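The basis for the numbers below is simple: all heavy atoms, side chains too, and nothing from hydrogens, waters or symmetry mates. Values in this document were obtained by computation on a predicted structure and should not be read as measured data. Whatever order the structure lists ligands and atoms in, that order sets their numbers, starting from 1.
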Amino acid sequence: MLIRHRPDIPTSAITPPAVYGGRRDFLRALALGAGAAGCGLLGAGHAASGERTRFASVVPGPFSVSDEKPTPYSSVTEYGNFYEFGPDKDSPQRNAYRLRTRPWTVSVDGEVRAPKTFAIDDILKWAPLEERVYRMRCVEGWSAVIPWVGFPLNELIRRCDVTGNAKFVEFWSLADPEQMPYVRLPVLDWPYVEALRLDEAMHPLALLGLGMYGEHMPKQNGAPLRVVVPWKYGFKGAKSIVRVRFVERQPPTVWTRTAPDEYGFYSNVNPDVPHKRWSQSHERRLGEFFKRKTLPFNGYADQVAGLYAGMDLRRNF
Ligand SMILES: Nc1nc2c(c(=O)[nH]1)N[C@H]1C(S)=C(S)[C@@H](COP(=O)(O)O)O[C@H]1N2
Ligand SMILES: [Mo]
């Protein structure tokens with residue numbers, strides 16, 4: 001968002017993936033020649049970011065969109081933001097193969113009775129894995145309907161044993177320059193940390209994302225676990241999280257640190273409050289041509305508007 005000021009979709013997003021992928025692979029083959037490919041840096045086998053593994057059992061969860069088909073898997077995995085892997089929409093898909101997702105732990109600290117560490121393979125067994133098809137809206141104006149796999153974020157928070165002082169919760173993404181080449185560059189003020197008010201994080205709509213389309217989370221979408229908050233702009237959902245910290249006061253986040261006048265702490269989807277440099281009134285679903293109207297709270301107002309009763313949502317954007 002900071003790097004490419006594109007509130008709209010480039011042609012790559014509406015070109016059929018086969019054509020697009022073909023052209024890109026062709027260009028990369030040309031550019032690499034004997035050089036990087038010969039060094040084993042970017043082997044062709046790495047174009048996709050890993051093997052796909054289905055979950056043994058996933059049960060239907062609540063809140064799923066029923067009147068729309070999910071966005072195609074290829075659009076959701078080939079177009080996105082994961083700035084640790086580069087500034088372009090296809091950087092995550094091209095570079096996230098470098099991410100090692102096992103072993104993987106999430107540490108918990110701050111306003112808790114005792115700091116602790118959870119291993120991903122234990123987290124995966126905490127609760128039945130649900131499929132929840134959510135509308136997602138990026139602050140840049142594109143959107144998608146994604147069949148997530150996961151369980152409520154409040155399952156995680158319940159196990160953290162927070163103190164009475166905890167009012168906000170931070171989610172820290174991995175920031176390892178060995179795996180994430182762009183963490184060496186000042187793309188954002190690393191690490192990628194996003195935060196929610198504790199009652200937002202406890203809301204049953206907020207999801208701990210462990211996969212999508214019935215499969216383990218693709219690396220480019222935030223493997224092995226990430227936050228999914230469908231009533232907020234996409235950047236509130238930190239990918240590949242390694243740390244959860246509870247705090248008493250509203251903390252800075254990666255985006256409020258980087259551009260405070262453009263990205264607010266709340267960042268609820270709101271068609272009536274434009275971004276500083278573009279309107280938020282409409283959006284375009286990945287793979288579609290015509291724009292559609294953006295809905296307050298991304299269509300989840302019935303569920304979540306109560307969290308913000310009495311707040312001025314223009315000031316608390
Ligand atoms: N760690 C990390 N998390 C991140 C981002 C990022 O760059 N780094 N991008 C955010 C943005 S701007 C969006 S729109 C969503 C995109 O998620 P998706 O690629 O799974 O659709 O991830 C969010 N989470
Ligand atoms: Mo975004």
Side-chain angles (χ1 to χ4, degrees), residues 1-9 13 49 70-96 99 101 106 133-150 170-177 179-183 185 187-196 207 209-213 215-244 253-259 262-263 267 269 275 278 280 283-287 294 298:
M1 337 202 237
L2 215 67
I3 306 104
R4 292 282 147 97
H5 301 315
R6 282 190 300 208
D8 219 329
I9 313 275
S49 55
T71 303
Y73 176 89
S74 58
S75 306
V76 174
T77 55
E78 291 174 13
Y79 186 96
N81 291 323
F82 200 163
Y83 291 117
E84 289 88 332
F85 291 106
D88 297 314
K89 297 305 171 206
D90 65 346
S91 304
Q93 185 249 151
R94 294 175 50 156
N95 298 327
L99 184 66
T101 59
V106 179
V133 187
Y134 282 171
R135 283 181 292 274
M136 303 301 294
R137 170 65 153 79
C138 175
V139 74
E140 294 164 291
W142 47 276
S143 63
V145 175
I146 303 183
W148 297 105
V149 176
E170 302 172 346
F171 300 94
W172 293 52
S173 297
L174 180 70
D176 176 6
Q179 302 176 64
M180 301 167 141
Y182 283 79
V183 168
L185 303 173
V187 181
L188 291 174
D189 187 1
W190 310 113
Y192 197 106
V193 179
E194 261 304 343
L196 299 169
L207 193 72
L210 297 158
M212 49 167 60
Y213 300 86
E215 303 174 356
H216 286 256
M217 192 69 78
K219 291 182 178 184
Q220 62 268 44
N221 296 95
L225 79 173
R226 64 168 303 167
V227 174
V228 178
V229 201
W231 70 95
K232 293 179 180 282
Y233 293 114
F235 66 83
K236 293 297 287 184
K239 294 176 167 179
S240 304
I241 58 169
V242 292
R243 183 183 185 190
V244 176
T253 69
V254 67
W255 289 106
T256 63
R257 274 187 274 128
T258 304
E262 303 200 359
Y263 306 105
S267 291
V269 174
H275 183 272
W278 58 80
Q280 293 291 26
E283 68 197 65
R284 181 141 49 197
R285 288 266 195 276
L286 292 183
T294 288
N298 202 25

Does ligand 1 have an atom under 4.0 Å from some heavy atom of G237?
yes

The criterion is side chain to side chain donor-acceptor pair (under 3.5 Å); which residues satisfy it with E170, sequence neighbours excluded?
W172, R245

When only distance counts, is K239 in polar contact with ligand 1, meaning an N/O pair under 3.5 Å?
yes

With respect to atom 20 (O) of ligand 1, which of M212, R226, K236 exhibits the smallest heavy-atom separation?
R226

Just checking, is any N or O donor in the side chain of D90 or Q93 under 3.5 Å from an acceptor N or O on the other one?
no

Here the atoms of ligand 1 under 4.0 Å from any heavy atom belonging to Y83 are 6 (C), 7 (O)

Using a plain distance cutoff, I'd like to know if W255 has any nitrogen or oxygen under 3.5 Å from a nitrogen or oxygen of ligand 1.
no

Can you label the angle between the F82 ring and the F85 ring as parallel, tilted or perpendicular, going by 30° and 60°?
perpendicular

Mind checking whether W148 has an N or O less than 3.5 Å away from an N or O of ligand 1?
no

For S173, the atoms of ligand 1 under 4.0 Å from one of its heavy atoms are 1 (N), 2 (C)

Which of the atoms in ligand 1, numbered in the order shown and given with their element, are less than 4.0 Å from a heavy-atom of C138?
14 (S)

Cationic N near anionic O, under 4.0 Å, K232 to E194:
no

Point-to-point distance, once rounded to the nearest 0.5 Å, from CH2 of W190 to OG1 of T258
8.5 Å

Reported OH-to-CD1 distance for the pair Y213 and I146, which is rounded to 0.5 angstrom:
5.5 Å

Short version for Y192: what comes under 4.0 Å of ligand 1, heavy atoms counted, is side chain

For M136, which part has a heavy atom under 4.0 Å from ligand 1: side chain, backbone, both, or neither?
neither

In this structure, CG of L188 is separated from CH2 of W255 (nearest 0.5 Å) by 4.5 Å

Atom OG in S240, atom CD in E84: separation rounded to 0.5 Å?
7.5 Å

When you compare ligand 1 with Y79, is there at least one nitrogen or oxygen pair between them that comes in under 3.5 angstrom?
no

